[in-house]
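What follows is one structure encoded as structure tokens, with my remarks underneath.
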Amino acid sequence: MRIFAAVGRASEAFDRFPIVSQAGLVVIVLGFGADLVARVGPGADRVAGATTDSVLSAHVAVLLGTLLVLIGVVVEGIRSAHADAVVAGRSSDAIR
């Protein structure tokens, strides 16, 4: 039952993220999976310290996912700050 409760809480937290950040998290998880397959899957080169194209592609996917999460959070922060200013009756282009 604890696992179901933890999954439920994680799902609620995921739903509160901006849609771009949600997409970024999905890309990160897919990148982790691709990295795992590239390193230990069938046909993986077993040379220590070697960086293959598949490993590099997985790392690029994780990097792009991270950028999507960051962009989503920043855009949401800017949007909510602007919405708070409008609700408070302030204008960002007011003469002070």
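- With sequence neighbours excluded, the residues satisfying side-chain contact (heavy atoms from CB on, under 4.5 Å) with Val60 are Leu64.
- Across every non-hydrogen atom of Gly31 and Ala58, the tightest pair is O-CB, 3.7 Å.
- By the rule that hydrophobic residues join a cluster once side-chain heavy atoms approach within less than 4.5 Å of another member, Leu68 and Val73 end up as members of separate clusters.
- Hydrophobic clustering of Ile, Leu, Val, Met, Phe, Trp and Tyr side chains at less than 4.5 Å, counting indirect connections, keeps Leu63 apart from Leu70.
- Linking ILVMFWY residues whenever their side-chain heavy atoms come closer than 4.5 Å, directly or via other members, places Leu25 and Val62 in the same cluster.
- Sorted by first and then second residue, the pairs that involve residues 57-77 and meet side chain to side chain donor-acceptor pair (under 3.5 Å), not counting sequence neighbours, are Arg39-His59, Glu76-Arg79.
- Qualifying side-chain contact (heavy atoms from CB on, under 4.5 Å) partners for Val29, counting only residues two or more places apart in sequence or in other chains: none.
- Distance CG/Asp35 to CG/Leu56: 10.5 Å, rounded to 0.5 Å.
- When hydrophobic clusters are built by joining Ile, Leu, Val, Met, Phe, Trp and Tyr residues whose side-chain heavy atoms come closer than 4.5 Å, directly or via intermediates, Ile28 is not grouped with Ile71.
- Both Val26 and Val69 sit in one connected hydrophobic cluster of ILVMFWY residues. Membership requires side-chain heavy atoms under 4.5 Å apart, directly or through other members.
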